[in-house]
Structure formats: C-alpha cells, structure tokens
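Sharing a structure here in structure tokens format.
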Amino acid sequence: MTSPVTTETPTLSRPAVPVELVVLDMAGTTVRDDGVVERAFERAANETGVAERMPWPEALDYVRRTMGQSKIDVFTHLSGGDTARAVDATAAFERAYADLIAEEGVEPIAGARQALEQLRAAGVSVVLTTGFAPTTRDAILDGLGWRALVDAALSPVDVGRGRPAPDLVLAAVIRSQASSVASVVVVGDTTSDVASGRAAGAGLVVGVLTGAHDRAALTAAGADAVIDDVSALPALLGIDA
Ligand SMILES: [Mg+2]
C-alpha cells in the first residue's frame, strides 16, 4: 500500500472541531489604534519618569515589542522593577488613553462589527481581550456601542496574568462554557496574542495585519494563519453571511 505523496503542506485554517468561541484582541485587531497606545505611553512616561532609566527610543522599542501584554507588566519592566512607579505609570497611561479617545474618538477596524455579528449569528461566542485596565476597556466598548455585541470583555486583572500567558483565553473558555479549548479560535495583532493562544491550546490561532506586528513575526510566534484584517475571519472559518 502506498501513501499519497504531496509536495505542499496544507495550511491549517480551521480547527479540527466545530468553532464554539472566538477570542479577539481589541486595539489593533478589532479597534483601530492609530498610534494612540504609543502616545498614551509617551504621556505616561513624561508624567511619571517611568522610562528614565533608558533612552526613549529604547523604551519605545520595548513598548512596541510587548504590545498586547498587560500594561502594568510593561511599566514594571521599564521602571526596573519599581512597582510603585509602575502602578503610577499605569494609572497615568489609562488617564492619557481615556483623554486621547475622548479627544479623537474611537473607531472600529473596518468590517469588525459585521464580522462579530456574523460569528454570533452562527452561534459562536465572542469574547474580547485586552492588556488595558477595565476602565479603559469599557470606555472603548462604550465609545463603539459594542457592549451588547460581545459575550464578555476581559482584562488581565479579571483573570490573573496578561498575555503571553494563556489566562485570558482560558477564562474566556470558562465564561463561554465552550466544550474544549480545541473549539476556540484566538485572533490578534501581536506576537503576545499568538503566544497566548498557543499556550492555551486553542484549536486555531490567527494573526491580523492591522496592528503592531507583521506577518513574519506573527508566523514565527506560531500563528496558523495570518489574514489582512478581521473582516476576513468569518470566511476563513467557513462562516459566511
Ligand atoms: Mg492589540
């Protein structure tokens, strides 16, 4: 008996079991960022001196590489482990971010609302995750009018650890009562999002190119598929309008 020989490895683009839950990042994945996060970081750094141990370009590079992680964790690193200063900086960041979105408004990634509606209409649970504190997260949801659009929205403080730990994804599984981690799809714009999905054992991990990191970085972090933006997700999963 001979085995069929193929020269190409098929690209995995669907989990092996029906999708029950999609866990999506917010800034850069479903919500437009346009540098707001970086500017809020800069304001917080200026206000608190949290990054004064290193040249600003170095601090900004760290902020970019760790995009998607819990903000308190990022500030703790920048401050050299000065927890009190990291707490102050996180509060300053959250204030700056709230001010910036109050000044400039908050916009969804084009097609994001329709994609989430398609998933829900197909009986799939939708949970949003973020590295922001709950006050910032909720200000974004209210700005978009999205509270009723999703089953839950989770911040690191709600669950334990932020990304790249698996906690946000695993908490979403528990909240949604999905029957297995294999039925979960994780979607994000950063290597930390991808790593959290892999660490949680998600059935499919998808990168998007509307945020912080590029295709090569997302693939190297373990993404099964990389799509241009979240509007392509329902079709990738075989869920069409
Ligand atoms: Mg993001």
Side-chain angles (χ1 to χ4, degrees), residues 22-42 44 60-75 90 93-94 96-98 100-101 104 106-113 115-116 126-134 136-141 143-144 146 150 152-159 161-169 171-172 185-200 202 205-223 225-233:
V22 178
V23 179
L24 304 104
D25 169 60
M26 292 177 68
T29 302
T30 51
V31 182
R32 276 177 59 175
D33 177 21
D34 298 333
V36 178
V37 171
E38 278 187 25
R39 281 184 285 146
F41 260 112
E42 189 163 6
L60 190 58
D61 179 61
Y62 181 77
V63 164
R64 287 178 177 153
R65 279 187 288 112
T66 57
M67 206 66 87
Q69 298 185 13
S70 174
K71 300 303 172 230
I72 184 85
D73 294 345
V74 175
F75 281 121
T90 302
F93 170 84
E94 303 288 345
Y97 193 91
L100 285 165
I101 64 173
E104 301 175 14
V106 54
E107 295 286 332
I109 296 286
R113 169 182 277 276
L116 302 189
V126 172
V127 173
L128 298 182
T129 56
T130 181
F132 295 142
T136 308
R137 177 198 71 209
D138 292 344
I140 296 170
L141 291 177
L144 295 169
W146 276 13
V150 298
L154 302 173
S155 294
V157 71
D158 301 319
V159 304
R161 296 166 297 172
R163 297 176 292 226
D167 302 27
L168 284 161
V169 177
V185 177
V186 172
V187 186
D189 68 296
T190 68
T191 56
S192 290
D193 298 330
V194 170
S196 75
R198 283 273 82 91
V205 180
V206 179
V208 293
L209 298 174
T210 45
H213 296 152
D214 64 14
R215 181 182 296 274
L218 296 167
T219 302
V226 178
I227 54 180
D228 286 343
D229 60 59
V230 69
S231 73
L233 184 69

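Indexing begins at 1, ligand by ligand and atom by atom, following the structure's order. Below, all heavy atoms of this structure are taken into account, side chains as well, without hydrogens, waters or symmetry copies. This structure is a prediction, so every number in the text was calculated from the model and none was measured.
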Please assess T129 against V159 for the test side-chain contact (heavy atoms from CB on, under 4.5 Å), listing each intermediate value before the final yes or no. CA-CA 11 Å; T129 56; V159 304; over 6 Å; no

To 10 degrees, how wide is the angle OD1 (D189) to the Mg ion (ligand 1) to OD2 (D25)?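 Vertex the Mg ion (ligand 1), arms to OD1 of D189 and OD2 of D25: 80°.
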
Quick check on the Mg ion (ligand 1): does D193 put an N/O/S atom closer than 2.8 Å to it?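 Checking the Mg ion (ligand 1) against D193, no N, O or S atom falls under 2.8 Å.
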
Under the side-chain contact (heavy atoms from CB on, under 4.5 Å) criterion, do V74 and F93 qualify, and how do the steps go? CA-CA 11 Å; V74 175; F93 170 84; over 6 Å; no

Quick one, R137 and I140 - any side-chain contact, counting heavy atoms below 4.5 Å?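 Contact flag for R137/I140 side chains = no.
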
Would you give the length of the straight line joining atom CG of D33 to atom CD of E107, rounded to the nearest 0.5 angstrom?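 Atom-to-atom, D33:CG and E107:CD are 13.0 Å apart.
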
Check whether any N, O or S atom of G68, backbone or side chain, sits closer than 2.8 Å to the Mg ion (ligand 1).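 For G68, the answer is no, given that no N, O or S atom comes within less than 2.8 Å of the Mg ion (ligand 1).
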
